[in-house]
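Keep in mind it's a predicted model, so treat the numbers as computed, not measured. Numbers restart at 1 for each chain; the letters A, B, ... are given by sequence-line order, proteins then strands.
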Amino acid sequence: MTSVVSSEPSESGSQTLTISVGPQHSGSGHMRLIIEMDGDIIIRASPDPGYVHRGTEKIYELRNIIKNIPVIERPAIIDASNLNHAYIRAVEELQGIEAPPRAQYLRCLLNEMNRITSHLYWLSIFGVFLGHTTMFMWPLGDRELIVDLQEKLTGARITHSYIVPGGVRRDLPQGMKEEAIKRTQYLEKRLEEYDKIFFENPIFTARAKGVGKLSRDEAVKLGAVGPALRGSGVDYDVRKDEPYAAYPELDFNVCTRQEGDSYARSMARIDEIRESCKLIRQIVQKIPSGPFRRKAPIVVPRGESYSRVESARGECSVYLIGDGGDKPYRLRFITGSYRNMAIIAPVLIGGHMADMPTAWWSIDYWPVEADR
Amino acid sequence: MSASQKARQQPDEDPIAMLADGINVWIGKLGDIVHTIVDRTPIRHVINWGRIYSLWPVNITTACCSAEFGAASGARHDLERFGVLPLGSLRQSDLMVVEGTVTNKMAKRLKMIYDQMAVPRYVIAMGDCSISGGLFHDSYSIVNGVHEFLPVDVYVPGCPPRPEALEQGIIMLQEKIRSSKVYEHT
Amino acid sequence: MTTPTNIPSLEREDHILDQLKEKFGDAIKESRVSRRSRPEVTVAMEKMLEVSRFLRDELGFDRANGAGGADYLRDQKMEVIYHVSNLARKETRDIILSVKEIIPRSSPKVNSLVSIWPSVENFERETYEMYGITFDGHPHLEKLFLIDNWDGPPPLRKDVRIPTD
């Protein structure tokens with residue numbers, strides 16, 4: 001989107017100032033924002049993506065379906081298993097196979113752990129943006145507890161490549177169930193401490209409430225997804241609207257807030273961390289026994305399939321066209337951040353320059369995921 | 001002397017110019033002497049000690065490896081105990097950690113950032129993508145390795161490297177600085 | 001192995017396709033239901049704008065999930081595929097309708113659907129730069145990711161091979 005005009009310049013007819021923010025900044029990932037300002041108010045904003053565009057859609061056509069798994073995971077590396085899950089569901093649909101129930105539960109377990117670690121990373125960078133260094137350190141420290149669980153389950157800290165056609169690569173190790181319950185209970189207690197130092201901190205509420213308002217109609221019209229959409233009151237979550245894997249049998253709520261400002265989007269994410277902790281405990285207690293992987297061929301049969309998954313930043317979808325070989329003929333990959341590129345401008349327009357970090361980061365736009 | 005005689009005098013015969021040239025040469029030699037003294041005596045250790053324990057990186061998070069750089073700066077693997085603290089503008093940074101894939105579009109800007117950093121400046125290439133293109137080596141929009149346009153001091157392989165590997169890379173850079181001369185790095 | 005009673009009914013999907021075929025007749029080149037919640041329809045290029053308006057206003061597909069292209073070099077054709085769904089009614093949020101149009105490879109030009117679903121703006125821009133397909137009526141048809149990154153022909157076309165060394 002090159003420009004969105006939403007308000008006229010001031011009546012004095014003074015000139016507007018165009019500045020460019022980035023690509024080097026203290027956030028996460030390179031993206032440039034071209035902002036036009038009238039005094040201190042932003043009147044136009046357009047994102048300039050492409051600094052991390054690695055041409056993955058061409059690479060997917062050159063690698064076979066197993067070798068594609070690491071390439072699929074890299075756009076949102078801290079949320080890797082959600083992207084992996086979307087891709088493998090598309091492959092399995094074409095192959096006409098379904099993973100055994102134990103594998104479905106294990107897939108959901110890793111997805112929820114990734115969701116928690118992704119939101120905690122978002123929170124710590126939020127602390128950096130707002131100059132709250134305790135909020136930079138605490139979530140990263142607590143995130144390490146969940147990353148340890150991920151490493152115990154899959155063998156890797158963040159790039160798991162755990163979900164394969166036919167199931168998952170490894171079974172649930174011994175002792176994981178008790179560890180998961182203990183750590184998620186600890187994390188829920190820590191979230192109350194975060195409330196005390198950050199979310200109920202008058203400095204944060206003054207900076208985030210009423211800032212970056214996105215109305216419900218605008219969010220729906222522009223195709224926003226994830227917590228950025230749910231913070232404006234729309235209860236759209238793929239896990240509830242088109243349940244996949246083990247989610248039909250699990251009990252959780254979709255976290256929405258009504259106000260549509262940065263505070264609402266942030267609190268929608270924190271509520272999601274709580275729900276994910278509950279989900280993890282349910283999964284380790286209800287997981288059925290049985291095989292965790294079945295044989296699947298390394299071939300993409302002729303046909304088309306479309307699968308979608310709720311990743312940490314929103315709906316991630318894979319459209320796969322196969323031609324009978326072992327490589328995809330066409331893999332169209334649209335991630336949550338790419339969909340949310342459309343709402344960057346409306347969220348920033350009308351606000352002050354000093355509000356820009358809060359408003360922008362509350363969308364959780366991850367440039368690497370959008371550029372792929 | 002008359003005015004015409006002054007005008008006909010050769011420039012290198014002008015006593016003041018000769019004195020100025022002499023002083024320039026002497027100051028140049030004095031500069032060399034200072035460099036040699038600083039490089040050979042314990043002053044070098046003191047200056048290098050100051051540089052080693054305050055490597056301030058530029059705030060750039062190139063691509064996915066930045067997740068592990070962020071985790072390394074966090075609570076469990078604290079990079080600040082090595083003196084690595086992303087603080088302030090890039091003009092006062094002396095370390096650039098290239099975390100991840102370098103695209104054609106970003107390569108120009110990385111060079112601009114590198115040129116603006118203060119001397120001495122060091123570059124750590126973190127992750128397979130910045131060493132050789134890594135997982136995306138046959139992509140149409142990336143540079144296969146940051147050494148194509150920047151001088152790299154330490155390579156930290158991995159996809160992504162664990163925070164412990166990054167710490168090892170920083171320790172290696174510190175060893176390299178400890179044994180290098182003060183005025184040799186640009 | 002599923003028993004016959006487990007096969008889900010495809011009534012909703014068939015009903016959507018029937019309504020489209022009834023209204024537009026020959027403009028609907030192909031239609032099928034690949035599985036539950038996934039109806040697919042191929043529309044003639046010239047009628048795409050009308051069909052999309054009908055989908056949004058009459059059948060309630062108020063949201064576009066994505067848009068992309070595909071290149072079939074052997075058949076000398078390209079495809080533009082839109083995926084649309086409905087957000088307002090909770091019970092049918094799971095249905096995703098694939099709407100395709102086939103265009104000749106030698107002159108790839110189609111109508112833009114930004115006036116119907118504003119969320120496809122960035123996706124059409126990307127399809128333009130990756131395949132060279134022009135979208136008439138798009139508000140800002142320019143390159144999105146490839147500026148300064150790649151100057152050659154549209155990279156996702158099947159006859160563009162990227163040299164690796």
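Neither the backbone nor the side chain of B:Asn104 comes within contact range of chain A; no heavy atoms are under 4.5 Å apart. Contact of A:Ser124 with chain B is not made at all, since no heavy-atom distance falls under 4.5 Å. For A:Glu57, no part sits under 4.5 Å from any heavy atom of chain B, backbone or side chain.
The structure places CD of B:Glu68 at 4.5 Å from CZ of A:Arg157, a figure rounded to the nearest 0.5 Å. To the nearest 0.5 angstrom, B:Ser66 atom OG is 8.0 Å from A:Ile78 atom CD1. In this structure, OH on B:Tyr140 lies 3.0 Å from NE2 on A:His53, to the nearest 0.5 angstrom. Between the CZ atom of B:Arg76 and the CZ atom of A:Arg143 there is a distance of 11.0 Å, given to the nearest 0.5 Å.
Across all their heavy atoms, B:Ala67 and A:Ile77 have their closest contact at CB-CG2, 3.7 Å. Across all non-hydrogen atoms, the minimal contact from A:Gly141 to B:Ala75 is CA-CB, 3.5 Å. In this structure, B:Thr103 and A:Tyr51 approach most closely via the heavy-atom pair OG1-O, 2.6 Å. For B:Ser141 against A:Gly55, the heavy-atom pair with the smallest separation is OG-N, 4.0 Å.
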Under the side-chain contact (heavy atoms from CB on, under 4.5 Å) criterion, do B:Asp138 and A:Arg63 qualify, and how do the steps go?
-> CA-CA 11 Å; B:Asp138 47 359; A:Arg63 309 240 198 287; 3.1 Å; yes

Chi angles and distances behind the side-chain contact (heavy atoms from CB on, under 4.5 Å) call for A:Val52, B:Thr101 | CA-CA 7 Å; A:Val52 215; B:Thr101 330; 5.8 Å; no

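Heavy atoms of other residues, nucleotides or ligands lying less than 6.0 angstrom from CE of A:Met137 number more than 12.
Under the side-chain contact (heavy atoms from CB on, under 4.5 Å) rule, B:Leu135 has a single partner from A:Glu73, A:Lys67, A:Arg54, A:Arg74, which is A:Arg74.
Taking 4.5 Å as the limit, every side-chain heavy atom of A:Thr159 sits out of range of all side-chain heavy atoms of B:Cys159.
Look at B:Lys105 and A:Asp371 and you find no salt bridge, because none of the NZ, NE, NH1 or NH2 atoms lies under 4.0 Å from a carboxylate O.
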